[in-house]
Each structure stands twice: as structure tokens, then as C-alpha cells.
Number of protein chains: 2
Amino acid sequence: MDGKVINLKAKLEVYKAISGGGNIANCPVREVIQGVSGKWRSLLMMALAEKPYRFGELRRLVPDISQRMLTQTLYDLQRDGYVHREVFPTKPPSVEYSLTDLGRSMFGAFHQLILWAELNHDAVRAARADFDASQA
Amino acid sequence: MDGKVINLKAKLEVYKAISGGGNIANCPVREVIQGVSGKWRSLLMMALAEKPYRFGELRRLVPDISQRMLTQTLYDLQRDGYVHREVFPTKPPSVEYSLTDLGRSMFGAFHQLILWAELNHDAVRAARADFDASQA
DNA sequence: AGTGCTGGTCTCTTTTTGAGACCATCACTA
DNA sequence: TAGTGATGGTCTCAAAAAGAGACCAGCACT
């Protein structure tokens with residue numbers, strides 16, 4: 001019974017150590033997971049995993065994203081090294097966004113979760129409905 | 001060149017269709033991904049994947065979570081069907097949280113991302129540092 | 001000169017997160 | 001029998017993030 005506790009404690013201690021001795025909340029794993037979170041990041045990663053896109057194309061592809069959030073999300077993804085941004089000096093300068101190797105690598109792992117979601121989203125929906133019903 | 005566009009368009013159209021004809025933003029996949037997001041959800045899922053825990057144990061395990069967020073995050077996880085909550089009628093009633101089958105199933109996929117994060121968090125860190133330096 | 005497309009930035013409002021105080025119950029202890 | 005600590009919460013309010021919408025500069029076409 002204590003064995004399991006020690007397993008977890010050890011694991012969390014490792015994270016704690018990696019995170020620089022501070023608290024677990026800053027652990028790098030959480031940092032990366034946070035990087036995947038965000039309302040639009042997964043959607044944009046999925047789009048860019050298919051092929052590179054221009055700013056306006058992405059905006060049209062995801063109609064209900066505001067320009068501000070599109071700009072900011074792409075900036076964040078670029079900052080984390082997942083997305084490459086290239087400006088072409090056309091008449092009205094156009095900007096193309098594409099996945100980097102790191103981005104593709106991350107998306108490979110992230111894809112597992114997407115696949116799970118595709119298969120199980122109705123189970124989650126059902127659980128939520130049941131729960132809400134039982135609380136009413 | 002247009003072939004790829006059609007691929008993505010088709011995929012996104014599928015999501016759009018699943019989501020009930022509305023816009024892509026409500027697609028169930030995004031909904032599930034959102035469910036995984038949140039500052040504490042991954043950490044609590046990792047803890048509960050190890051073994052069931054009581055409220056106070058979790059609070060001690062993750063020292064920098066506030067009681068409010070612990071309550072709420074566990075509530076959300078329970079609502080999504082990932083976590084089971086059981087109250088024991090001890091003298092001061094104790095509450096135990098454990099993963100459901102759905103929770104374990106989801107964690108299996110999510111685990112891929114955690115493993116990737118464990119292996120590559122330094123690359124992300126480096127990318128971020130580079131980017132910040134180049135912006136300065 | 002006016003319109004539209006390019007890819008943004010700036011400001012303001014709403015929503016989400018988070019920290020901290022407060023609460024009710026029971027057991028043990030002085 | 002009043003004080004202390006442990007149980008698992010809730011409530012209030014401040015800070016941070018997300019989001020909507022106006023505005024901007026440059027160039028082409030009409």
C-alpha cells in the first residue's frame with residue numbers, strides 16, 4: 001500500500017527536481033501541456049498539420065476566431081517552436097505559417113489524444129449529461 | 001495542391017457536421033481537448049492514474065493548488081466522467097477520488113503527450129529562449 | 001478618390017483563474 | 001467544557017486571460 005505511494009511520490013519528486021526545486025506547478029511537463037491548451041491551439045495545429053496556411057486562409061477556415069486571437073495564438077505557437085512564420089514580399093505582403101519539425105513531432109503525440117476524442121467524445125458527452133441530470 | 005485543401009476541408013466539414021451544423025468551434029474534439037486543458041487537470045489525472053486519493057491527500061500532494069481550484073477541478077473531472085467520487089461516512093466524512101474506466105482510457109492517450117513532454121520539454125524551452133532573445 | 005484585400009494592433013468588456021477567509025462537524029485533550 | 005485540529009467544503013473578491021470590434025498602413029484596381 002505504501003509502495004504505490006512511494007512510486008508516485010518519487011515521480012512527483014522527479015518533476016519537482018526538474019522544475020528547479022521549486023514547486024510542482026512549474027514542472028516542465030505541465031508547461032508543455034499548458035502550451036497545448038488554449039481554445040484555438042489544437043484547432044490551428046490540426047489545420048497546419050495538414051499543410052501550411054496563410055493568415056487570411058486560417059481566418060476563413062476558423063470563422064469564429066477573432067483576428068486578435070489568431071494573431072496571438074500563432075505568435076504563441078511560434079514562440080514555443082511549433083510553428084514557422086514566413087513573410088513573402090508580395091504586393092500586399094503575405095505571411096505563411098507552417099509546422100516546424102518540433103511541431104510535427106509534438107503533433108504526433110497530440111494526435112493520439114485527438115483520435116481518442118474522435119472515438120469517445122460521445123461517451124464524455126453522455127457522462128456530462130448524466131451528471132447534470134443527477135445534479136438537477 | 002488543391003487536393004490537400006480538399007482533404008482538410010473535408011475533415012473540418014466532418015467536425016462541423018458532428019458539432020451539429022454550427023461552427024467548428026463547438027466541435028466535440030475541441031470540447032474534449034478543452035476538458036484536458038486547465039492548469040490542474042493534467043496534474044490531478046496523473047496523480048489519480050497512480051492510485052485513488054482523498055481530498056486532503058491531493059491537496060498535500062499539490063501544495064500550490066487552492067482548495068477552491070481543487071474542488072472545482074475534481075468536480076469538472078467528475079462531470080466529464082473521468083473521475084469517480086465516493087464519500088465514506090467516517091467520523092469526519094472522508095471523500096475518495098479515483099479514475100473511472102473512461103478516465104483510464106483517456107489517460108492512456110493523454111499519456112503519449114506527457115511522455116513527449118518529458119522527452120522534449122527542453123527543446124520547447126530552448127525554442128522559447130531563442131525566440132525571446134531574437135525579439136529583444 | 002473610393003473600395004477592397006493584405007495582416008495586423010489597440011481598447012474595452014466579459015469570462016475564467018486564483019488566493020484567502022470563512023464554515024459545520026466531530027474527536028481528542030487539557 | 002472550552003480549545004485545537006482534522007475532515008471537505010463554500011463564498012467573496014482581485015487578477016489574469018479571452019474575446020469582440022474599431023482602427024491602421026500599404027498597395028491594386030476601377
Side-chain angles (χ1 to χ4, degrees), chain A residues 22-27 30-31 33-45 47-48 52-80 83-98 131 135, chain B residues 22-27 30-31 33-45 47-48 52-80 83-98 131 135:
Chain A
N23 49 27
I24 282 170
N26 298 329
C27 95
R30 274 247 343 265
E31 215 170 288
I33 301 300
Q34 286 285 303
V36 173
S37 305
K39 191 168 178 185
W40 307 103
R41 299 175 77 117
S42 55
L43 209 49
L44 291 180
M45 285 296 291
L48 293 176
Y53 275 101
R54 303 234 323 262
F55 186 88
E57 291 178 311
L58 288 171
R59 185 163 36 130
R60 281 186 292 275
L61 210 56
V62 188
D64 59 341
I65 194 175
S66 68
Q67 271 189 306
R68 180 190 174 280
M69 286 319 287
L70 183 52
T71 300
Q72 174 144 347
T73 305
L74 287 171
Y75 181 91
D76 291 343
L77 289 174
Q78 187 195 355
R79 179 168 181 263
D80 286 354
V83 160
H84 173 69
R85 179 182 189 268
E86 190 161 8
V87 182
F88 294 99
T90 50
K91 314 85 173 268
S94 62
V95 183
E96 187 182 85
Y97 294 91
S98 56
F131 185 80
Q135 294 296 57
Chain B
N23 49 28
I24 282 170
N26 298 328
C27 96
R30 275 244 346 261
E31 216 170 288
I33 300 301
Q34 286 285 303
V36 173
S37 306
K39 191 169 178 182
W40 307 103
R41 298 176 78 118
S42 55
L43 208 50
L44 292 179
M45 286 295 293
L48 293 176
Y53 275 100
R54 304 235 321 264
F55 186 88
E57 290 178 311
L58 287 172
R59 187 164 34 129
R60 281 186 291 274
L61 209 56
V62 187
D64 59 341
I65 192 173
S66 67
Q67 270 188 307
R68 180 190 173 281
M69 286 319 288
L70 184 52
T71 301
Q72 175 143 348
T73 305
L74 288 170
Y75 180 91
D76 291 344
L77 289 174
Q78 187 195 355
R79 179 167 180 267
D80 285 354
V83 160
H84 173 71
R85 179 181 189 269
E86 189 160 8
V87 182
F88 294 98
T90 50
K91 315 81 175 266
S94 62
V95 183
E96 186 182 84
Y97 294 90
S98 56
F131 185 82
Q135 294 296 55

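For clarity, every value in this text was computed on a predicted model and none was experimentally measured. Residue numbers begin at 1 in each chain, while the letters A, B, ... track the order of the sequences.
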| request: Go through B:Arg41 and B:Asp80 one step at a time and tell me if the side-chain contact (heavy atoms from CB on, under 4.5 Å) criterion holds. | output: CA-CA 12 Å; B:Arg41 298 176 78 118; B:Asp80 285 354; 3.0 Å; yes

| note | Here the gap from A:Tyr97 atom OH to A:Glu57 atom CD, rounded to the nearest 0.5 Å, amounts to 12.0 Å

| Atom CG of B:Leu70 and atom C1' of D:dT7: how far apart are they, to the nearest Å? | 14 Å

| task | Using atom CE of A:Met69 as one end and atom P of C:dT14 as the other, report the distance to the nearest whole Å. | result | 17 Å

| Shortest non-hydrogen contact from A:Val83 to A:Leu48? | CG2-CD1, 3.7 Å

| task | Quickly work out the A:Asp76 CG to D:dA16 P distance and round it to whole Å. | result | 17 Å

| Spacing of A:Leu61 atom CG relative to C:dG7 atom C1', expressed in whole Å | 17 Å

| Does a nitrogen or oxygen in the side chain of A:Tyr97 sit under 4.0 Å from OP1 or OP2 of C:dG8? | yes

| message | Just the rounded figure in Å: distance from C1' of D:dT7 to OH of B:Tyr53. | response | 19 Å

| task | Can you tell me the distance, in whole Å, between the CZ atom of B:Arg59 and the C1' atom of C:dG20? | result | 13 Å

| Among D:dG8, C:dG8, C:dT6, which nucleotide sits nearest the side chain of A:Val95? | C:dG8

| request: For the pair B:Leu74 and B:Val95, evaluate side-chain contact (heavy atoms from CB on, under 4.5 Å) and give the outcome as yes or no after the intermediate values. | output: CA-CA 11 Å; B:Leu74 288 170; B:Val95 183; over 6 Å; no

Atom pairs, N/O to N/O, protein against nucleotides 20-30 of chain D, distance under 3.5 Å?
none

| said: What is the distance, to the nearest angstrom, from the CD atom on B:Gln72 to the P atom on D:dG8? | reply: 18 Å

| Just how far, in rounded Å, is P of C:dT16 from CZ of B:Arg41? | 13 Å

| message | Going by side-chain hydrogen bond (donor to acceptor under 3.5 Å, both in side chains), name the pairs with one or both residues in residues 69-79 of chain B, residues two or more places apart or in two chains. | response | A:Asp132-B:Arg79

| task | Return no unless some side-chain N or O of B:Arg60 is found under 4.0 Å from OP1 or OP2 of D:dG8. | result | no

| note | Of all heavy-atom pairs linking A:Thr90 and A:Pro92, the shortest is OG1-O, 2.9 Å

| request: Step by step, work out the side-chain contact (heavy atoms from CB on, under 4.5 Å) result for A:Leu58 and A:Leu70. | output: CA-CA 8 Å; A:Leu58 288 171; A:Leu70 183 52; 4.1 Å; yes

